[in-house]
Amino acid sequence: MSDQAALFEYLLRLGDNALILGHRLSEWCGHSPALEEDLALSNVALDLIGQTQLWLNLAGDVEGRGRDADKLAYLRDARDFRNVLLVEQPNGDFAATMARQFYFDAWHYLLLRELTGSKDSRIAEIAAKGLKEVTYHLERSREWVLRLGDGTEESHERMQTALDDLWMYTGELFETDEVDQAMIRSGMGPDLSTLHEPWLGLMHATAEEATLTLPQPGWAQRGGKRGMHSEHLGYILADLQFLQRAYPNATW
Amino acid sequence: MYAQMVKTGVDHIQSKEEMSPEERAFQDRVDQDIKIEPKEWMPEAYRKTLIRQISQHAHSEIIGMQPEGNWITRAPTLERKAILLAKVQDEAGHGLYLYCAAETLGVTRDELMEQLNSGKAKYSSIFNYPTLTWADIAAIGWLVDGAAIMNQVPLQRCSYGPYSRAMVRICKEESFHQRQGYDAMTKLARGTPEQKQMAQDALNRWWWPSLMMFGPSDAESVHSAQSMRWKIKINTNDELRQKFVDQTVPQAEYLGLTVPDPDLKWNAGRGQYDFGEVNWEEFYQVISGNGPCNRQRLRTRVKAYEEGRWVRDAADAYAAKKGARAKAQAA
Ligand SMILES: [Fe+2]
Ligand SMILES: [Fe+2]
Ligand SMILES: [Fe+2]
């Protein structure tokens, strides 16, 4: 794989994570537990949509085939998506959404912090902008894990179930493949395995404070980064891409 | 409007001689355009009418999130998706400001939500129509937010301080929504033949329900007269409807779209458009629960509220524990 091809893949991963998670969060708008949460979840979703545009536009530039963020978002099929499995998992109840968010935000935060030191200044710039937003996302999702974990008996149970159910999708976040290797070699991206320890540290501290039990390390589901997804992604794309597919070449 | 028919509980307009000294002092302040603030004395009927009006408005903002939210996951570009999501988010914010304004009159948000969920409280008839295509999102921004502004801009000057201030914030955002809607409609009207047809179809379906938003003629209504005396209503429904038609018809023409009213005609003598009669039978049916989406809208709202209860309870319980721990530490 050429360095350029690896960079393109890497940027798709960053963009697709933001795109799919932003999409999932936007599904909550109007259906959340309180108006304040409609506002807050939409804020996070809007940040992620903005990050999607930056990453995917850059991916399109790197690829050099005239595809912009919209073309990449709306005209690829599921097997060409590079997001991790975690972000495409259904919203479930509010606890599941917040557990998914907390697992992801903590990783996203650590990753973007590293990427602000990328040798590629375009990456460093997007990461710096995203890091500000994600710092706030992480504060918020961590706060909800605490609230639900240490709230009522019911919320505790739901949050524990959510942490357990989603745990198997976290392993993929720290795996390093040939794309990541190429990024490490060129000084563009970090070794993802080095993020695992600080991530686990935050998980353990938060679980303890929330009176929750963090699941034991176990078998990890993997494949999203290479285009092997769950059944859920196809339905996300059916919604997301409907108009672009039904009316090819129209502008909106 | 968002509050289409607000009862005031009065059966005639009192003359100043009939008023108690308190009532007279209150009316004098209103007449002098002095804002009424929450802690001041106010007639009970004024307070109740305002609660009704503000909460109908708030409920409309909240229910209105559904027809538009219906297209968030299917918006055609990342930019349109962000614009729509931000718009629906604004509507949630409007609901929030308005519930806060209502709370200054001695009622809680939970009480108001219970009234909405039980079907007791009304909200604007417009949100009981379905959004069938993307063009409906453009049409709502253009027409529905456009109609909302017509009545909310004058309400910025209304007599009740908290309501008037909420309106100032809301109006800025609503006019932004209206422009974005018109912009989205322009893209469609100037787009492919299919897009243009989609735009025309949306105008056909949203035109009359938009005119219904202003409510039936209230020139003869004692409630309307009372509300105007209190300055919580500034114009009659017919005045606002006329203004809306006069503003919107040229916009439709500019887009090359046809307003679905065979009786629509410029009246040079009046300097206004003549237009056809709204189907008020349909309006009364929709407002009393028989619109295409009433049951669906209410059920969706109740579901979100009920399914969110354990989350709100958990947040309360956590806050209480945290407070208790902080207290124990301080002791
Ligand atoms: Fe509105
Ligand atoms: Fe609004
Ligand atoms: Fe609006």
Side-chain angles (χ1 to χ4, degrees), chain A residues 19 22-43 45-46 49-50 52-53 56-57 68-70 73-74 93-95 98 143-144 146-156 158-159 210 236 238-244 246-247 249-252, chain B residues 58 61-82 84-86 88-93 95-96 99 109 113 133-134 138 184 187-188 190-192 194-195 198 300-301 303-305 307-322:
Chain A
L19 173 63
H23 184 94
R24 278 296 191 216
L25 291 176
S26 77
E27 292 172 358
W28 271 105
C29 188
H31 307 276
S32 76
L35 284 175
E36 286 81 353
E37 283 313 299
D38 281 323
L39 294 173
L41 289 166
S42 301
N43 266 337
L46 283 166
I49 295 168
T52 304
Q53 289 173 301
L56 291 185
N57 275 327
D68 62 6
D70 279 339
Y74 289 88
D93 64 7
F94 194 71
M98 282 304 147
E143 189 66 26
W144 269 115
L146 297 177
R147 279 197 194 112
L148 297 181
D150 193 17
T152 63
E153 212 174 298
E154 179 180 6
S155 72
H156 176 88
R158 284 176 184 263
M159 187 39 98
I236 293 177
D239 274 352
L240 180 78
Q241 299 181 339
F242 159 65
L243 282 167
Q244 290 281 355
Y247 301 93
N249 302 319
T251 50
W252 305 90
Chain B
E61 301 282 359
I62 301 311
I63 296 287
M65 293 169 73
Q66 288 183 43
E68 295 191 88
N70 186 33
W71 280 88
I72 290 173
T73 59
R74 292 179 292 169
T77 66
L78 292 169
E79 196 191 350
R80 289 283 170 211
K81 186 182 170 82
L84 179 58
L85 181 55
V88 180
Q89 184 192 36
D90 284 347
E91 307 302 1
L96 204 51
Y99 286 125
R109 198 206 306 183
M113 289 229 161
T133 70
W134 171 253
K187 280 273 173 8
L188 297 173
R190 307 238 187 288
T192 65
E194 290 88 351
Q195 283 176 303
M198 194 190 279
T300 302
R301 182 88 295 276
K303 185 165 181 275
Y305 191 74
E307 287 180 357
R309 192 182 294 279
W310 70 269
V311 178
R312 298 189 300 274
D313 289 348
D316 290 346
Y318 178 75
K321 283 187 204 177
K322 222 177 151 182

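Quantities reported herein were computed from a predicted structural model and do not represent experimental measurements. Lettering of chains follows the sequences in order, A, B, ..., and the numbering in each one begins at 1. For the numbers below, each heavy atom of this structure counts, side chains included, while hydrogens, waters and symmetry mates do not.
Judged as a salt bridge (Lys or Arg N to Asp or Glu O under 4.0 Å), not a single pair has a partner in residues 310-320 of chain B (not counting sequence neighbours).
Interface remark: A:R158 contributes side-chain atoms only to the contact with chain B (heavy atom separation under 4.5 Å). Interface residue A:Y247: only side-chain heavy atoms are found under 4.5 Å from chain B. Residue A:E153 does not touch chain B at all, counting heavy-atom pairs closer than 4.5 Å. If you measure heavy-atom distances from A:L41 to chain B, you find no contacts under 4.5 Å at all. Residue A:L39 touches chain B through both its backbone and its side chain, counting heavy-atom pairs closer than 4.5 Å. Residue A:A95 touches chain B through both its backbone and its side chain, counting heavy-atom pairs closer than 4.5 Å.
By the 4.5 Å heavy-atom criterion applied to side chains, B:T73 and A:S26 are counted as neighbours. Between B:M65 and A:C29 there is a side-chain heavy-atom pair separated by less than 4.5 Å. Side-chain contact between B:K321 and A:D150 is present, with heavy atoms from C-beta onward closer than 4.5 Å.
Between chain A and the options B:D90, B:T192, B:I72, the largest number of non-hydrogen pairs under 4.5 Å is found for B:I72. Of all the listed residues (B:V88, B:V311, B:L78), the one sharing the greatest number of non-hydrogen pairs under 4.5 Å with chain A is B:L78. Interface check for chain A: of the options B:A138, B:A319, B:A75, the most heavy-atom pairs under 4.5 Å are formed by B:A75. Comparing A:L46, A:T52, A:T251 by heavy-atom pairs within less than 4.5 Å of chain B, the highest count is held by A:L46.
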Take B:R74 and A:E27, measure what salt bridge (Lys or Arg N to Asp or Glu O under 4.0 Å) needs, and give me the verdict at the end.
CA-CA 10 Å; B:R74 292 179 292 169; A:E27 292 172 358; over 6 Å; no

May I have the step-by-step check of side chain to side chain donor-acceptor pair (under 3.5 Å) for B:Q89 and A:N43, ending in yes or no?
CA-CA 8 Å; B:Q89 184 192 36; A:N43 266 337; 3.0 Å; yes

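Side-chain polar atoms of A:H23 and B:K81 form a donor-acceptor pair below 3.5 angstrom.
A donor-acceptor pair is defined here as one N or O able to donate and one able to accept, closer than 3.5 Å; no such pair exists between the side chain of B:Y318 and the backbone of A:G149.
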